[in-house]
Amino acid sequence: MKIIFSASPANRAAAYALRQAVFVEERGISADVEFDVKDTDQREYAVLYLQPDLPVATLRLEPQTDHVMRFGRVCIRKAYRGHGWGRQLLTAAEEWATQRGFTHGEIHGELTAQRFYERCGYRVITGPYDEDGAPVVIMHKQLLLFNS
């Protein structure tokens, strides 16, 4: 298992393929909504690979302020859910963010994923409201400093 944080074309392609499978094909979200103006060539993504060519989970890294990192478009390939890969990816992304000076994490989580994020230490600060056709809550967490 390896997690790559990168804006490289290959890593972006892996993230996009996962999002296409999970959000567009599985959940029925329009590709025009799923892939938005935040998906630039410079945007960094975290992708968890179980093998060199098997990406199973991803998230988009979206700095909000100097101290708040939003973890967006979090998804896990259906066959790999329930095995802790999402938690490992999110924990690694939190560590990555703290190493870059971020002190708080933010997630706009769908209501169906709220319990997962709460188990990861996030707390609802507002919502629910509609975002891209799904009910979501905004959740925050104070990020802990990790030893390098």
Side-chain angles (χ1 to χ4, degrees), residues 1-27 29 31 33-127 131-132 134 136-148:
M1 188 271 301
K2 179 170 30 173
I3 299 173
I4 296 176
F5 293 87
S6 173
S8 74
N11 207 54
R12 285 195 331 269
Y16 292 175
L18 284 166
R19 290 169 51 197
Q20 174 73 26
V22 173
F23 293 120
V24 177
E25 296 168 17
E26 181 183 329
R27 304 284 310 282
I29 296 171
V33 171
E34 175 56 29
F35 299 99
D36 59 23
V37 297
K38 295 178 185 175
D39 291 311
T40 66
D41 289 348
Q42 295 75 37
R43 175 72 59 201
E44 291 188 273
Y45 299 86
V47 180
L48 185 148
Y49 297 85
L50 287 186
Q51 300 168 13
D53 295 322
L54 181 59
V56 300
T58 190
L59 60 79
R60 184 168 70 183
L61 299 155
E62 305 173 28
Q64 302 298 293
T65 68
D66 288 344
H67 300 288
V68 178
M69 174 63 73
R70 178 178 173 185
F71 304 109
R73 301 301 205 248
V74 179
C75 66
I76 296 99
R77 190 181 301 271
K78 189 173 188 174
Y80 294 90
R81 293 181 197 148
H83 300 285
W85 302 119
R87 181 183 290 267
Q88 284 189 42
L89 177 67
L90 186 54
T91 299
E94 291 170 351
E95 181 176 351
W96 183 92
T98 60
Q99 291 171 351
R100 285 151 184 80
F102 294 93
T103 58
H104 289 82
E106 178 177 291
I107 292 176
H108 294 205
E110 292 187 22
L111 292 182
T112 56
Q114 180 178 337
R115 285 184 35 213
F116 166 75
Y117 293 123
E118 287 173 339
R119 287 192 305 270
C120 292
Y122 287 81
R123 297 292 169 249
V124 174
I125 61 165
T126 191
E131 182 175 294
D132 298 333
V136 302
V137 290
I138 296 177
M139 306 180 82
H140 274 200
K141 176 182 179 178
Q142 184 169 351
L143 300 178
L144 303 174
L145 292 177
F146 293 86
N147 292 328
S148 299

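Because only heavy atoms are used, hydrogens play no part in the values below, and waters and symmetry mates are left out as well, while side chains stay in. Predicted model only: the values in this text are computed from it and were never measured. We count residues from 1, following the sequence as given.
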Under 4.0 Å between a Lys/Arg side-chain N and an Asp/Glu carboxylate O for [X] and [Y]?
X      : Y     : value
Arg27  : Glu34 : no
Arg73  : Asp39 : no
Asp36  : Arg43 : no
Arg100 : Glu44 : no

What pair of heavy atoms forms the shortest contact from [X] to [Y], and how long is it?
X      : Y      : result
Leu143 : Gly105 : CG-N, 3.6 Å
Ser6   : Asn11  : O-ND2, 3.3 Å
Leu144 : Thr98  : O-CG2, 3.2 Å
Phe116 : Arg87  : CZ-N, 3.7 Å
Ala57  : Ile76  : CB-CG1, 3.7 Å
Ala14  : Val47  : CB-CG1, 4.1 Å

Counting only N and O atoms by type, is there a donor-acceptor contact under 3.5 Å from the side chain of [X] to the main-chain atoms of [Y]?
X      : Y      : result
Arg77  : Pro55  : yes
Thr91  : Gln88  : no
Arg12  : Ala7   : yes
Arg123 : Glu118 : yes

Measure the spacing between [atom1] of [X] and [atom2] of [Y] and express it to the nearest 0.5 Å.
X      : Y      : atom1 : atom2 : result
Leu50  : Met1   : CG    : CE    : 8.0 Å
Arg60  : Lys38  : CZ    : NZ    : 5.5 Å
Glu106 : Met69  : CD    : CE    : 11.0 Å
Leu89  : Thr58  : CG    : OG1   : 6.5 Å
Arg70  : Leu61  : CZ    : CG    : 12.0 Å
Gln114 : Ile107 : CD    : CD1   : 11.5 Å

Give the C-alpha distance, both sets of side-chain angles, the deciding distance and a yes or no for side-chain contact (heavy atoms from CB on, under 4.5 Å) between Leu90 and Tyr122.
CA-CA 11 Å; Leu90 186 54; Tyr122 287 81; 3.8 Å; yes
Please name the residue in the list Phe71, Trp96, Tyr49 that meets the ring pair (Phe, Tyr, Trp, His ring centres under 6.0 Å) test with Phe5.
Trp96
Any side-chain heavy-atom pair of Val22 and Arg81 under 4.5 Å
yes
Assess whether side-chain hydrogen bond (donor to acceptor under 3.5 Å, both in side chains) is satisfied between His104 and Gln142, documenting all intermediate values.
CA-CA 4 Å; His104 289 82; Gln142 184 169 351; 4.6 Å; no
Might you work through the side-chain contact (heavy atoms from CB on, under 4.5 Å) test for Phe35 and Val24, ending with a clear yes or no?
CA-CA 10 Å; Phe35 299 99; Val24 177; 4.1 Å; yes
Centroid separation under 6.0 Å, is that true for the rings of Trp85 and Tyr80?
no
